[in-house]
Amino acid sequence: MAKATTIKDALKKLEETRGVNAAEIEKVELYGQCPPIEKMDATLSTLKACKHLSLSTNNIEKISSLSGMDNLRILSMGRNLLKKIENVEVVADTLEELWLSYNQIEKLGGVERLGQLRVLFLSNNKIRDWSEVERLAALERLEDLLLVGNPLYNDYRDNNAIAEYRVEVLKRLSNLKKLDGVPVDVDERDQALQARGPAAPAS
(Lines give C-alpha, C1' and ligand atoms only; values in the text may rest on other atoms or scores of the structure.)
Protein backbone atom coordinates (compact mmCIF):
# COMPACT_ATOMS: atom_id res chain seq x y z
CA MET A 1 0.00 0.00 0.00
CA ALA A 2 1.26 3.52 -0.78
CA LYS A 3 2.85 5.39 2.09
CA ALA A 4 0.82 8.30 3.43
CA THR A 5 1.68 11.79 2.22
CA THR A 6 3.26 13.90 4.98
CA ILE A 7 2.45 17.58 5.55
CA LYS A 8 6.07 18.34 4.67
CA ASP A 9 5.80 16.54 1.32
CA ALA A 10 2.45 18.17 0.53
CA LEU A 11 3.87 21.63 1.28
CA LYS A 12 6.92 20.98 -0.89
CA LYS A 13 4.64 19.99 -3.76
CA LEU A 14 2.54 23.11 -3.19
CA GLU A 15 5.63 25.32 -3.24
CA GLU A 16 6.80 23.76 -6.50
CA THR A 17 3.39 24.20 -8.10
CA ARG A 18 2.85 27.77 -6.92
CA GLY A 19 6.48 28.92 -7.09
CA VAL A 20 6.32 30.56 -3.66
CA ASN A 21 7.44 29.84 -0.11
CA ALA A 22 4.63 28.08 1.84
CA ALA A 23 5.31 30.35 4.84
CA GLU A 24 4.06 33.30 2.74
CA ILE A 25 0.82 31.73 1.47
CA GLU A 26 -2.44 32.94 3.07
CA LYS A 27 -4.61 30.12 1.72
CA VAL A 28 -2.82 26.78 2.03
CA GLU A 29 -4.64 24.06 0.11
CA LEU A 30 -3.55 20.52 1.00
CA TYR A 31 -6.89 18.81 0.34
CA GLY A 32 -7.34 15.51 -1.46
CA GLN A 33 -3.71 14.42 -1.37
CA CYS A 34 -2.85 11.13 -3.09
CA PRO A 35 -1.94 9.11 -1.14
CA PRO A 36 -3.89 10.89 1.63
CA ILE A 37 -2.38 12.75 4.58
CA GLU A 38 -2.92 10.71 7.75
CA LYS A 39 -1.65 13.08 10.40
CA MET A 40 -0.96 16.71 11.12
CA ASP A 41 2.55 17.56 12.31
CA ALA A 42 4.74 20.41 13.52
CA THR A 43 5.57 21.44 9.95
CA LEU A 44 2.29 23.40 10.11
CA SER A 45 3.90 25.82 12.57
CA THR A 46 5.95 27.25 9.68
CA LEU A 47 2.79 28.58 8.01
CA LYS A 48 2.96 32.00 9.63
CA ALA A 49 0.93 33.84 6.97
CA CYS A 50 -1.76 31.17 6.64
CA LYS A 51 -5.30 32.41 7.23
CA HIS A 52 -7.11 29.48 5.58
CA LEU A 53 -5.81 25.93 5.93
CA SER A 54 -7.57 23.26 3.88
CA LEU A 55 -6.86 19.63 4.78
CA SER A 56 -10.19 18.23 3.64
CA THR A 57 -10.58 14.87 1.87
CA ASN A 58 -7.63 13.11 3.53
CA ASN A 59 -7.42 10.36 6.20
CA ILE A 60 -6.62 12.49 9.26
CA GLU A 61 -7.85 11.01 12.55
CA LYS A 62 -6.82 13.76 14.96
CA ILE A 63 -6.59 17.56 14.97
CA SER A 64 -3.12 18.54 16.21
CA SER A 65 -0.01 20.67 15.64
CA LEU A 66 -1.78 24.01 15.10
CA SER A 67 0.61 25.78 17.46
CA GLY A 68 2.37 28.69 15.78
CA MET A 69 -0.38 29.27 13.20
CA ASP A 70 -0.94 32.75 14.57
CA ASN A 71 -3.12 34.05 11.73
CA LEU A 72 -5.40 31.07 11.18
CA ARG A 73 -9.01 32.18 10.53
CA ILE A 74 -10.46 29.17 8.65
CA LEU A 75 -9.68 25.51 9.27
CA SER A 76 -11.20 23.18 6.69
CA MET A 77 -11.07 19.47 7.58
CA GLY A 78 -14.21 18.01 6.03
CA ARG A 79 -14.14 14.41 4.77
CA ASN A 80 -11.51 13.03 7.14
CA LEU A 81 -11.69 10.46 9.97
CA LEU A 82 -12.02 12.84 12.93
CA LYS A 83 -13.88 11.56 15.99
CA LYS A 84 -13.63 14.65 18.18
CA ILE A 85 -12.67 18.32 18.28
CA GLU A 86 -9.36 18.63 20.10
CA ASN A 87 -6.17 20.70 20.33
CA VAL A 88 -7.90 23.75 18.89
CA GLU A 89 -7.42 26.05 21.88
CA VAL A 90 -4.02 27.17 20.48
CA VAL A 91 -5.86 29.01 17.66
CA ALA A 92 -8.80 30.17 19.78
CA ASP A 93 -7.83 33.84 19.50
CA THR A 94 -8.05 33.90 15.70
CA LEU A 95 -10.16 30.97 14.43
CA GLU A 96 -13.49 32.19 13.00
CA GLU A 97 -14.58 29.26 10.83
CA LEU A 98 -14.30 25.52 11.43
CA TRP A 99 -15.41 23.19 8.62
CA LEU A 100 -15.73 19.59 9.85
CA SER A 101 -18.53 18.05 7.77
CA TYR A 102 -18.35 14.38 6.78
CA ASN A 103 -16.34 13.08 9.73
CA GLN A 104 -17.21 10.77 12.63
CA ILE A 105 -17.70 13.35 15.37
CA GLU A 106 -20.19 12.44 18.08
CA LYS A 107 -19.19 14.78 20.93
CA LEU A 108 -18.43 18.50 20.72
CA GLY A 109 -16.34 18.92 23.86
CA GLY A 110 -13.48 21.36 23.20
CA VAL A 111 -15.33 23.56 20.72
CA GLU A 112 -16.51 25.89 23.49
CA ARG A 113 -12.95 27.22 23.80
CA LEU A 114 -13.19 28.87 20.37
CA GLY A 115 -14.54 32.22 21.47
CA GLN A 116 -14.12 33.92 18.06
CA LEU A 117 -15.94 31.20 16.09
CA ARG A 118 -18.66 32.50 13.75
CA VAL A 119 -19.11 29.55 11.37
CA LEU A 120 -19.26 25.86 12.29
CA PHE A 121 -19.96 23.21 9.66
CA LEU A 122 -20.72 19.80 11.20
CA SER A 123 -23.00 18.15 8.64
CA ASN A 124 -22.95 14.37 8.22
CA ASN A 125 -21.28 13.49 11.50
CA LYS A 126 -22.62 11.34 14.37
CA ILE A 127 -24.14 13.96 16.67
CA ARG A 128 -27.29 12.57 18.26
CA ASP A 129 -27.74 14.36 21.61
CA TRP A 130 -29.13 17.82 22.29
CA SER A 131 -26.59 18.13 25.12
CA GLU A 132 -23.88 18.40 22.46
CA VAL A 133 -25.71 21.23 20.67
CA GLU A 134 -26.08 22.98 24.03
CA ARG A 135 -22.27 23.17 24.32
CA LEU A 136 -22.35 25.62 21.41
CA ALA A 137 -24.25 28.16 23.52
CA ALA A 138 -20.84 29.19 24.93
CA LEU A 139 -19.93 30.50 21.46
CA GLU A 140 -21.48 33.96 21.59
CA ARG A 141 -20.32 34.92 18.08
CA LEU A 142 -21.59 31.76 16.37
CA GLU A 143 -24.01 32.75 13.59
CA ASP A 144 -23.82 30.02 10.91
CA LEU A 145 -24.27 26.35 11.86
CA LEU A 146 -24.58 23.24 9.70
CA LEU A 147 -25.98 20.10 11.38
CA VAL A 148 -27.85 18.47 8.48
CA GLY A 149 -27.17 14.74 8.08
CA ASN A 150 -26.49 14.02 11.76
CA PRO A 151 -28.66 11.43 13.59
CA LEU A 152 -30.20 14.29 15.60
CA TYR A 153 -31.31 16.03 12.40
CA ASN A 154 -32.31 12.82 10.62
CA ASP A 155 -34.75 11.83 13.40
CA TYR A 156 -36.71 15.06 12.84
CA ARG A 157 -36.45 14.82 9.04
CA ASP A 158 -37.80 11.27 9.06
CA ASN A 159 -40.81 12.52 11.02
CA ASN A 160 -41.39 15.50 8.73
CA ALA A 161 -40.57 17.76 11.65
CA ILE A 162 -37.75 19.97 10.35
CA ALA A 163 -39.59 23.14 11.44
CA GLU A 164 -39.70 21.81 15.02
CA TYR A 165 -36.03 20.84 14.84
CA ARG A 166 -35.06 24.36 13.76
CA VAL A 167 -36.97 25.87 16.68
CA GLU A 168 -35.28 23.41 19.08
CA VAL A 169 -31.84 24.49 17.82
CA LEU A 170 -32.72 28.20 18.03
CA LYS A 171 -34.12 27.72 21.51
CA ARG A 172 -30.60 26.71 22.54
CA LEU A 173 -28.60 28.97 20.20
CA SER A 174 -30.45 32.26 19.93
CA ASN A 175 -27.66 34.13 18.11
CA LEU A 176 -27.74 32.02 14.95
CA LYS A 177 -28.44 33.86 11.70
CA LYS A 178 -28.24 30.81 9.45
CA LEU A 179 -28.99 27.14 10.18
CA ASP A 180 -28.28 24.35 7.68
CA GLY A 181 -27.77 26.87 4.90
CA VAL A 182 -31.14 28.57 5.45
CA PRO A 183 -31.40 32.05 7.03
CA VAL A 184 -33.24 32.13 10.35
CA ASP A 185 -36.52 34.03 9.98
CA VAL A 186 -38.39 36.20 12.46
CA ASP A 187 -41.17 33.64 13.02
CA GLU A 188 -38.69 30.91 13.94
CA ARG A 189 -36.89 33.21 16.31
CA ASP A 190 -40.19 34.18 17.98
CA GLN A 191 -41.23 30.54 18.33
CA ALA A 192 -37.86 29.68 19.88
CA LEU A 193 -38.19 32.60 22.29
CA GLN A 194 -41.67 31.43 23.34
CA ALA A 195 -40.47 27.83 23.63
CA ARG A 196 -37.66 28.96 25.93
CA GLY A 197 -40.17 30.92 27.97
CA PRO A 198 -39.81 31.90 31.63
CA ALA A 199 -38.47 29.27 34.00
CA ALA A 200 -41.28 27.14 35.40
CA PRO A 201 -41.95 27.73 39.12
CA ALA A 202 -41.02 24.89 41.44
CA SER A 203 -44.06 22.77 42.26
Regarding [X] and [Y], is there a side-chain donor-to-acceptor distance under 3.5 Å anywhere?
{"X": "Trp130", "Y": "Glu132", "value": "no"}
{"X": "Tyr31", "Y": "Asn80", "value": "no"}
{"X": "Ser131", "Y": "Asp129", "value": "no"}

Test your reading of the model: is there a side-chain donor-acceptor pair from [X] to the backbone of [Y], 3.5 Å cut-off?
{"X": "Asn87", "Y": "Ile63", "value": "yes"}
{"X": "Asn58", "Y": "Glu38", "value": "no"}
{"X": "Asn175", "Y": "Glu140", "value": "yes"}
{"X": "Thr94", "Y": "Leu72", "value": "yes"}
{"X": "Lys171", "Y": "Leu193", "value": "no"}
{"X": "Asn125", "Y": "Asn103", "value": "yes"}
{"X": "Arg118", "Y": "Gln116", "value": "no"}
{"X": "Glu15", "Y": "Lys13", "value": "no"}
{"X": "Asn59", "Y": "Ile37", "value": "no"}
{"X": "Asn71", "Y": "Lys51", "value": "no"}

> How far does CD1 of Ile127 sit from CZ of Arg135, to the nearest 0.5 angstrom?
Replying inline: 10.5 Å
>> If I take atom CG from residue Leu147 and atom CG from residue Leu120, how far apart are they, to the nearest 0.5 angstrom?
In response: 7.5 Å
> For the residue pair Lys178 and Pro183, what are the closest heavy atoms and their distance?
Replying inline: CG-N, 4.0 Å
> Would Leu122 and Ser101 satisfy side-chain contact (heavy atoms from CB on, under 4.5 Å), going step by step from the backbone distance to the final call?
Replying inline: CA-CA 4 Å; Leu122 287 166; Ser101 294; 5.6 Å; no
> Within a reach of under 6.0 Å around CZ of Arg166, are more than 12 heavy atoms found that belong to other residues, nucleotides or ligands?
Replying inline: yes
> More than 12 heavy atoms of other residues, nucleotides or ligands under 6.0 Å from CG of Asp190: is that the case?
Replying inline: yes
> side-chain contact (heavy atoms from CB on, under 4.5 Å) between Leu176 and Asp144: does it pass, once the steps are laid out?
Replying inline: CA-CA 6 Å; Leu176 287 185; Asp144 188 352; over 6 Å; no
Are [Y] and [X] connected in a single hydrophobic cluster, I mean Ile/Leu/Val/Met/Phe/Trp/Tyr linked by side-chain heavy atoms less than 4.5 Å apart?
{"X": "Val184", "Y": "Tyr156", "value": "yes"}
{"X": "Leu117", "Y": "Leu82", "value": "yes"}
{"X": "Ile162", "Y": "Leu145", "value": "yes"}

> Could you walk me through whether Tyr165 and Asn159 pass the side chain to side chain donor-acceptor pair (under 3.5 Å) check?
Replying inline: CA-CA 10 Å; Tyr165 149 83; Asn159 289 299; over 6 Å; no
>> Please determine whether side-chain contact (heavy atoms from CB on, under 4.5 Å) holds for the pair Ile85 and Leu108, giving the CA-CA distance in whole Å, both sets of side-chain angles, and the decisive distance to 0.1 Å.
In response: CA-CA 6 Å; Ile85 300 171; Leu108 298 180; 3.8 Å; yes
>> Determine whether Arg113 and Glu89 satisfy the following criterion, salt bridge (Lys or Arg N to Asp or Glu O under 4.0 Å), listing intermediate values before the conclusion.
In response: CA-CA 6 Å; Arg113 298 188 184 113; Glu89 59 280 355; 3.4 Å; yes
> Between Arg141 and Glu143, is the closest basic N to carboxylate O distance under 4.0 Å?
Replying inline: no
> How far apart are the C-alpha atoms of Ser64 and Lys39, what are their side-chain angles, what is the distance that settles it, and do they pass the side-chain contact (heavy atoms from CB on, under 4.5 Å) test?
Replying inline: CA-CA 8 Å; Ser64 65; Lys39 67 179 181 183; 5.9 Å; no
